Every structure is written in structure tokens, then in C-alpha cells.
Amino acid sequence: MQRARRRQPQEFDRVLSSMCTEPHPRAHEAAVEFLATNPGDPATYQTVADLETEAVEQLGEIAGLDDAYGYIASGGTEANIQAVHAARNRADGSVGSDHAEGANIVAPESVHFSVTKAAEMLGVDLRTVPVDDDYRADLDAVEAAVDDDTALVIGVAGSTEYGRVDPIPAMADLAHDADARMHVDASWGGFILPFTDYEWSFADAPIDSMAIDPHKFGQAPVPAGGLLARERETVDALAVETPYLETTSQATLTGTRSGAGVAGAVAAMDELWPAGYRQQYREQQTNAEFLADELADRGIDVVEPTLPLVTASLSPATFDALRDEEWRIARTADGDLRIVCMPHVSRASLEAFLADLDRVRS
Ligand SMILES: *Cc1c(COP(=O)(O)O)cnc(C)c1O
């Protein structure tokens, strides 16, 4: 009789392109314990529902928001979709089908592709505006794009390609001057930005909502994203009535969802906020600067890593040769090599990568 093949996930040691990482061991344990619970039905699964309230409070603390509203989403994609969804519904005070006709949202071209999905599904017009020489949203372009029909302006705090932080306070002012709302996508950056001087949080600017993912730098297991809102009305604008559940309304995009994400997020934040995350940020920022210096020493053009994310120009042949060595690396839209220094990316693995780079280039 043939035994079923035991399937193993791949190791993380050559994964240099991912924005996710191995969960903290305590978060892993908590996720396994809560795997079968369903926070989508909080009146039935009360323990995990209470944990979700705790998770939102903790996320609020990280993002500078007392009395936070929101929930643990499946990821930054869902959080961004729901932020657009809430802003659209609030733009004309309606929930449901008679939403704002012709509403638009304004975001820099560096915005994550999940916002394209949001615009498509929600029937709003996505106006992307150029970035400046340092890959940050150009304020004049934002101002020119915003008009009476703008429901939401989105700024990125830790962009996917270059790890840049948009001028969030100035963008929030432009949004509010036009009676629009302001959303910050800190899906990737949210757990490291508290240890920098950037102005990105609810405490730094009058922003309305935020995406902040425990399953990236938060070291929670996938799926754990976070949607935060300053006002209860933002979450209420998402709620639909739910007959046949013990609970009477639901604001999430998903229905049934595993409690693993919620429990894992709480366990990770309990363990790591703030000292563990601070140390991890310092280590990974140092690693990113090390890698950037090493690449520059080899005559390679590097974009300065202002957060732990390094982009550099590399010929397609060299890139492919490194892929053949099993390095999991990705390219930016412009074809640059992009390496994300997540917690599992050690100095030793960057040194091994550089050794392979030297070998394939020689
Ligand atoms: C990763 C990321 C997203 C998407 O999040 P998922 O968890 O993959 O759904 C959105 N925005 C930014 C800036 C990201 O880095």
C-alpha cells in the first residue's frame, strides 16, 4: 500500500521577496488553538470575539488611536477594499445600492494593487497621481486630482515597491478641505513605523482609517490584516443585517473566517509590542543598509532603503541566474530587484545571497 506523501511547506531561508514572514512561535500556538473558531459569528464564538476586540485595541495603540474601531481582516487587501467601501457609503450617507454616483478616490501611483480591485468592485473611479523623485505622492498632483466627488484620498505609509512614506498630514488636509476622507495604507509599515520619525499615524494627522497587517511585520500567522477607523460610523457604514446568525449585523467582507488570525495577532502583539518589534525593526533596517552598501560597492545602482526594503538595478540575466539558485526574489514594475528584509531574512542569508551574486556575475 502506498503511503500518502507528507507535504511540507518550503523553508523561508531563501525567501527575499515576501512581505510576510514566519509567525512568532507563541502566535503559531495560539493560531492552532483557535483554528476552528469563527469570529464571523461573534455571539456564538464569544471568546475569539473578545480577543478580536483586544486585537483592535492593541492595533489602535500601535497606530496612535485611543478608542479604535475596526476588525481583523484577511489582509491589507480586504482592509483597503473596506476603507474604500466605507468612504463611498459615507460620501452620501447611504448604505447599500444607492451609493454615491460618480464618486472617485485619489491615490499615488505607488498605491498597492488591492486599491485597483476595490475601485473595480465598488464602482468608484481611481485617480492615480504621480510620485516625486523620492517615490512619494506629489502633493500638487493630489491637490489637482481631488474634487467635489472625491470620497477618499489614500496615502501609503511603507510602499510596496520602495518602502516610502507619503506626506500623510498634508494629504489629510487636502482630503478634508474637499470634504473627502483620508485612509493610510500601513499594511506593511505599520509595525515598524512607530520606531521611526515619520508622520504616519492617527496621532500624527487627522486620518480616518488605516490598513495595518499583523501578518507582515507583526509576525502573526496569515491571515491577519487590520482595518482601523477613528469613528464608529466608518465601521457602521459597512454593516449589513445578518439573519440566522446569533449576531445581527456584520461589517466584514468575509463571512466565516478562522479565529487563527485573530488569536495569532493578539499573541504576537502581546509578546512583541513594543520592545520586540523595536528590536526587529533595528535589526532589519541595519540589514537593509548592509545589503544596500554591499550592492553599491559592487557598482550596482541602489535606491536608499529608508525602511527595510532594498531595490537595486540588476540585469535580467543576473536576476534569472539568482532565481535558478532558488533565491525567491521579485522585481519592481520598472524591473529593479526588490528585497524585503523581513524578520526571517538573516545577515547570514544576505551574505549567502551576495556570494551567489558574485559567482553568477563573474
Ligand atoms: C501587502 C500589502 C497590501 C496587501 O495586503 P495583503 O495582506 O497581501 O492582502 C496592501 N498594501 C500594502 C502597502 C502592502 O504592503
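Read the numbers this way: they start at 1 and go in the same order the structure lists the ligands and their atoms. Every value quoted in this text rests on a predicted model; they were computed, and no experiment measured them.
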Over all atoms of both residues, closest heavy-atom pair of D185 and S187: OD1-OG, 2.6 Å

Over all atoms of both residues, closest heavy-atom pair of V129 and A145: CG1-CB, 3.6 Å

Quick one: table the atom pairs, ligand 1 N or O against protein N or O, below 3.5 Å, distance rounded to 0.1 Å.
from     : atom 1 : to   : atom 2 : distance (Å)
ligand 1 : 5 (O)  : G76  : N      : 3.2
ligand 1 : 5 (O)  : T77  : N      : 3.4
ligand 1 : 5 (O)  : K216 : NZ     : 3.3
ligand 1 : 7 (O)  : G76  : N      : 3.0
ligand 1 : 7 (O)  : D213 : OD2    : 3.0
ligand 1 : 7 (O)  : H215 : NE2    : 2.8
ligand 1 : 9 (O)  : G76  : N      : 3.3
ligand 1 : 9 (O)  : T77  : N      : 2.8
ligand 1 : 9 (O)  : T77  : OG1    : 2.6
ligand 1 : 11 (N) : D185 : OD1    : 3.3
ligand 1 : 11 (N) : D185 : OD2    : 2.6
ligand 1 : 15 (O) : K216 : NZ     : 3.1

Validation row, ring centre Y135 to ring centre Y162 under 6.0 Å: yes

Results of salt bridge (charged side-chain N to carboxylate O under 4.0 Å, His left out) for R164 - residues two or more places apart only: D134

Exceeds 12 heavy-atom contacts within 6.0 angstrom, atom CD of E22: yes

Minimum heavy-atom distance G218-A268, with the two atoms named: O-CB, 3.4 Å

